[in-house]
Each structure stands twice: as C-alpha cells, then as structure tokens.
**Q** 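After the structure tokens below, expect a handful of questions from me.
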There are 2 protein chains.
Amino acid sequence: MSPEPQTGSASRIAADLRAAIADGRFGPGAKLPTVRDLTEQYGVSRNTASKAIAQLAAEGLITTRYGSGAYVRETHQVRHVGPHRYARSRWAATTTEAHQDESNNGDTITRQGGQTQTVNRVPADERVAAALGVEVGAEVVERDRLMTSDDTPTHTMTSYYRPEDVDGTAIVDPRPGIAGRGGGYAILAERGLEPQRMVEDLFARMPTTEEAERLKLPPGEPVVEVHRITRTAEGRVVEYAEGVHAASRFVWSYPFDIPD
Amino acid sequence: MSPEPQTGSASRIAADLRAAIADGRFGPGAKLPTVRDLTEQYGVSRNTASKAIAQLAAEGLITTRYGSGAYVRETHQVRHVGPHRYARSRWAATTTEAHQDESNNGDTITRQGGQTQTVNRVPADERVAAALGVEVGAEVVERDRLMTSDDTPTHTMTSYYRPEDVDGTAIVDPRPGIAGRGGGYAILAERGLEPQRMVEDLFARMPTTEEAERLKLPPGEPVVEVHRITRTAEGRVVEYAEGVHAASRFVWSYPFDIPD
DNA sequence: TAGTGGTCTAGACCACTTC
DNA sequence: AAGTGGTCTAGACCACTAA
C-alpha cells in the first residue's frame, strides 16, 4: 500500500482543519464548520466533506456528536501509573471482612463508585492456564472489573485466581470495593500469599468493536493491553490479570536499574 | 458521539469479512474479494463495498495494495523488549573508536544495516530541557535514528545529550553502527558517566501523518511513544531519548518488586 | 491492456439533536 | 421543524499493478 497514492479534496480539507486546530483557531471543545458548510466553502460534495471530518475523527483529533456537530476533542487528564500504585502502604490498611454469601455468587453484576464488577468461575484459556500454572480448561476464578473516572470508562481489568487461593475470601464477593483497592492483595497476604514481585507486559492495538463499545472509545483511539503476573516471594503465581486501557488516559512509568 | 448510530451495509460486509478472517477462511496473506466482487455479491454500490474494505484496513486487519487487491495482514514477529536490552554485557564489548571528523558533522544522513542516523546540534525544547536539566533553547546534541528490521521500519529513536558529555566521542559521529549498540553507553562509561538507572514512560496514540509515512505504517496502526531518562549512579542525567514505535511489532515487559 | 483500489459528484433518505 | 452527522446509490475518472 503506497502512502497517499492520490491526495484528494478530502485530505486537503482535513489538513486545513488540522492546521486550524493545531494553531488554536479551534480550541478544545470548539465546534467545527458543519459538513454542509464545508461543502459550500470548498465546493465539494457532501460525501467528500464528510470524509474529511471522518478522517479527523479517526485520528482522534475531533469527536462528532450525532445530529449536533463536530467538536475539537477536550484534552482530559492523563493518569501517570507506575509500580507505586501497587505499594504495600496502599493496601495494608484495606478492610478485609470475609464474606461467604454463596447465594450471591455467580455472574451478578454490581455497581459502586467507579467500578463495575462481576465474579465468575470460568475455564482457563491458554494464557491464563500458562500464567497460573494450571491445565487449560481448569476452573479458575475470574474477577472482571470496569473502571470509571468522571462517569467515563477508563479501563477494564480482569483478574484470574486459583480457586483454592481465594475461595471464602472477599475476593469472590461480587460487591465491588470490598476487595477493590490493591486488587485484593491484602486478602491474599492474610492467607499467607503475600504478593512480592510483578511482571507487566504492555502492547498497544486498535480496539475490537466490543471494547470500543464497553470503554466508550471515540473512533481512532487505541487501547493498551496490560498483562500482569503477580508472584509471592517464593515465586508462586497468585494472580494473573489482563487490562484493556483507553490509550489517551494513561502514561505508564517504569524505573529500573540497568542489568548486568 | 453515539456508538454505531446506524449500522448499514458497509459495517455488515466488514463484519462478514472479519468473521471469515477470524475463523481462517482467509488466512494471513490471502487475497480478499475485490471491491467489485463485493458490489455484486451484496448488491451494493462501489462506494459502500469500498468503505467496508477501508474499515477493515483501519482496524489493521487487512492491508490494501493499490491496483492489486486487499490482503489479510501477515502477522509479523513481535519483539519482546525488557530492561535486559540495556544490559551492561551488551555494550561492554562494543567498539568505541573515537572520531573527530568535524567535516563530516552536521545533518548528514548515513545509512547502514538496520538503521539510518542523523546527528545534529539543536536547541532544547521543553521536554528535553527539563530532562537534561538545561535551559530551554540551550544547544544539545540530537541523535536521530530510524531502526529497521527486514527492510521495514520498526521505530525511531531520538536521543539527546549535553554537548560537553559527548563532544569528541563516537556518539557525534554520524556514521551509524559506530555508537549504535547500547545507545553509546560504553562511550559515556569511558567518560566516567556510566549509566546506572533508567525510567521509561510509555503511552500509545495514533501516528501523525509524518510518522505514518516515516515508519511506513498501515492505516489503523497505533504508535507507542517511549520517553527514557538515563542516569548515572550519582543521579546525573546523561541521556534523554524519545522513541516512536510501530505498536504491532513490540511488547514491553517490565519486572518489578512491589514497593512499600 | 485489463483489473483493481482510491476518490469524487449529485442527490437521496435516515437518525439524532436542538429549539 | 430545522439543522446536523451517517449512510447509501449510480456513475464517473484517476492511479497503480500485473501480465
């Protein structure tokens, strides 16, 4: 595929608008000319003007509101996340009341301040099995959360545990927040499975349509997938988690010493 | 922007093809039906069929070759990169012949096996200044590289140094490869500026059109931007680098201990 | 030269927002 | 009801590829 084999009116209009946004003629939140305006101004068909707008939307520069107009995207706050977010001091103080409410188990969906959560028993897929050191298809506990900030979803986080590690603890309590902060590490620690070491793998890609819907992603927003393995000091894996993050809301930060 | 306010034929065709690719009816490298084929099969206009193809291309699932057809994207090899790539053992053995060829300085572009490089003196922008601890606008040495694997670019890496740290060393030699491996850390070490500690910041976004061109990115491929600060054991910053990576070619891996 | 992807026009209808 | 974005058709021309 050659890069821009034909540069037509659409790209030209897009370029003009892009420049206008870049040098502030349209600030964040500003309304762009309507498709019909552009049609007139540039003497092109509706189709072409529409394509220019769609192009900018795909780049994540603008957002279109159906029936209303196209607007320069607001720059929202970016969260800097580093190893510190897992610090012991953050979960040492967490309440850890154990719950055994078996009747309230299963795929109940619950909601509470900032996150939605489901807890389930599912067969382990390949990645999960490899990480937790169980057979493919073996039953594991899945804790699926959708994290929200200011009413907009920021990321999903799906944790997997070996059933014997978490049964009877608050982790299998579907009510969110109970085992929410620290990913329930305090609870694991109480069971003699104190987390000590982690490995995070990250990569970026475009979202699937389902993810775009769940995270309410504007077109043109990539996601960052994070795979996290948590081990005890002895090297036993106590949690495997997969997160899907709206790319524009996070910066990951990792400090490390140069190895020998 | 509502998610999929109207689901028309184009999305439907795209969904069909997506499913066909997913379950292997079209394997990697396979040629998809032509736009004109789809026009007939689905009884839609060329425009609509074309849109379906463009949609899949934007998702990064397929690649279109002008005048030839649309093909399922080959899955290329993914590089797993971790702190180990900076290991001392990797640059301890590097050749470090110093070069003083002032006449060959400036923005000469040189090429050699796997990377293209330019070395320049530029005024520090805000990020560079903050990282290196110099004034904005102060002169710094910029070493800009384009890394290639199998004739396709994988990432750019732009390093910044304080002039007094690198003048007269092979780092300012525009010929690539000389100070290539290890980012010239051996050279810094010889000057008593041995790198010891790093911080990497990562985030993903869609590429600018310039980046898409330089990295030969297919539409729908995000980039991961990496900012790296390298310090000596004493905490002195010796290098600040910014990389732009084709997202689909890398997985970053970071191990760390849970902090207190 | 034939086939293919990329772009465009002109006109139409629909879905949603705003008043 | 008016305005706006989203989608579609039918037909056209252009740019590139491959034989």
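Throughout, a chain's letter reflects where its sequence line sits, starting with A, and its residues are numbered from 1.
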**Q** Rounded to whole Å, please give me the gap between NZ in B:Lys31 and P in C:dG3.
**A**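 That distance rounds to 12 Å.
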**Q** Can you measure A:Arg36 atom CZ to C:dC14 atom C1' for me and round it to whole angstrom units?
**A**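 Distance, rounded to whole Å: 11 Å.
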**Q** At less than 4.0 Å, is any side-chain N or O atom of B:Ser68 found next to OP1 or OP2 of C:dT4? Yes or no.
**A**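 For C:dT4, OP1/OP2 do not have a side-chain N/O of B:Ser68 under 4.0 Å.
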**Q** How many whole angstroms separate atom CG of B:Asp37 from atom C1' of C:dT4?
**A**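 So the CG-C1' distance, B:Asp37 to C:dT4, works out to 10 Å.
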**Q** Just jot down the ring-ring contact (aromatic ring centres under 6.0 Å, His included) partners of B:Tyr254, sequence neighbours excluded, or say none.
**A**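 If we apply the ring-ring contact (aromatic ring centres under 6.0 Å, His included) test to B:Tyr254, skipping adjacent residues, the hits are A:Tyr254.
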**Q** State, with a plain yes or no, whether a side-chain heavy atom of B:Met206 is found less than 4.5 Å away from one of B:Val223.
**A**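 They are not in side-chain contact.
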**Q** Quick one: salt bridge (charged side-chain N to carboxylate O under 4.0 Å, His left out) pairs with a partner in residues 21-34 of chain B, sequence neighbours left out?
**A**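 For residues 21-34 of chain B, and leaving out neighbouring residues, the salt bridge (charged side-chain N to carboxylate O under 4.0 Å, His left out) pairs sorted by first residue read B:Asp23-B:Arg25.
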**Q** Roughly how bent is the helix from C:dT1-D:dA18 to C:dT18-D:dA1 end to end, in steps of 10 degrees, with each end axis from five pairs?
**A**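 That helix has its two terminal axes inclined by roughly 10°.
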**Q** Got a sec, which residues hit side chain to side chain contact (heavy atoms under 4.5 Å, CB included) with B:Ala124, two or more places apart in sequence or on another chain?
**A**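 Per chain and number, B:Ala124 pairs via side chain to side chain contact (heavy atoms under 4.5 Å, CB included) with B:Val128, B:Ala129, B:Val134, B:Val140.
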**Q** Atom CG of B:Leu38 and atom P of C:dG5: how far apart are they, to the nearest Å?
**A**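 Atom-to-atom, B:Leu38 to C:dG5, this comes out as 8 Å.
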**Q** Only counting residues at least two apart or in another chain, list the ones meeting side-chain hydrogen bond (donor to acceptor under 3.5 Å, both in side chains) with A:Arg18.
**A**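 A:Arg18 satisfies side-chain hydrogen bond (donor to acceptor under 3.5 Å, both in side chains) with A:Glu59 only.
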**Q** Hey, is the side chain of A:Thr64 poking within less than 4.0 Å of OP1 or OP2 on D:dG6, counting only N and O atoms?
**A**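 It does, given that an N or O in the side chain of A:Thr64 lies less than 4.0 Å from OP1 or OP2 of D:dG6.
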**Q** Could you tell me how the ring of B:Phe250 sits relative to the ring of B:His245: parallel (under 30°), tilted (30 to 60°) or perpendicular (over 60°)?
**A**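 Rings of B:Phe250 and B:His245: perpendicular, as their planes differ by over 60°.
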**Q** Sorted by first residue and then second, give each salt bridge (charged side-chain N to carboxylate O under 4.0 Å, His left out) pair with at least one member in residues 41-53 of chain B; sequence neighbours left out.
**A**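 Of all non-adjacent pairs touching residues 41-53 of chain B, none passes salt bridge (charged side-chain N to carboxylate O under 4.0 Å, His left out).
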**Q** Tell me, which of residues 42-58 of chain A have any heavy atom that sits under 4.0 Å from an atom in DNA chain C?
**A**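 When residues 42-58 of chain A is checked for heavy atoms under 4.0 Å from DNA chain C, the hits, listed by number, are A:Gly43, A:Val44, A:Ser45, A:Arg46, A:Asn47, A:Thr48.
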**Q** Could I get the full list of ring-ring contact (aromatic ring centres under 6.0 Å, His included) partners for B:Phe26, not counting sequence neighbours?
**A**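 Testing B:Phe26 for ring-ring contact (aromatic ring centres under 6.0 Å, His included), a comparison that skips the adjacent residues, returns none.
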**Q** Once hydrogens and angles are ignored, does a donor-acceptor distance under 3.5 Å link the base of C:dG5 to the side chain of B:Arg65?
**A**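 Check fails, no donor-acceptor contact within cut-off.
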**Q** Salt bridge (Lys or Arg N to Asp or Glu O under 4.0 Å) with B:Arg12: which residues, sequence neighbours excluded?
**A**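 Expected list: B:Asp16.
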**Q** Let me know the distance between CG of B:Leu17 and P of C:dG5, rounded to the nearest Å.
**A**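 Rounded to the whole Å, the gap is 12 Å.
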**Q** To the nearest Å, give me how far apart CD1 (B:Ile62) and C1' (C:dG6) are.
**A**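 Between C1' of C:dG6 and CD1 of B:Ile62: 13 Å.
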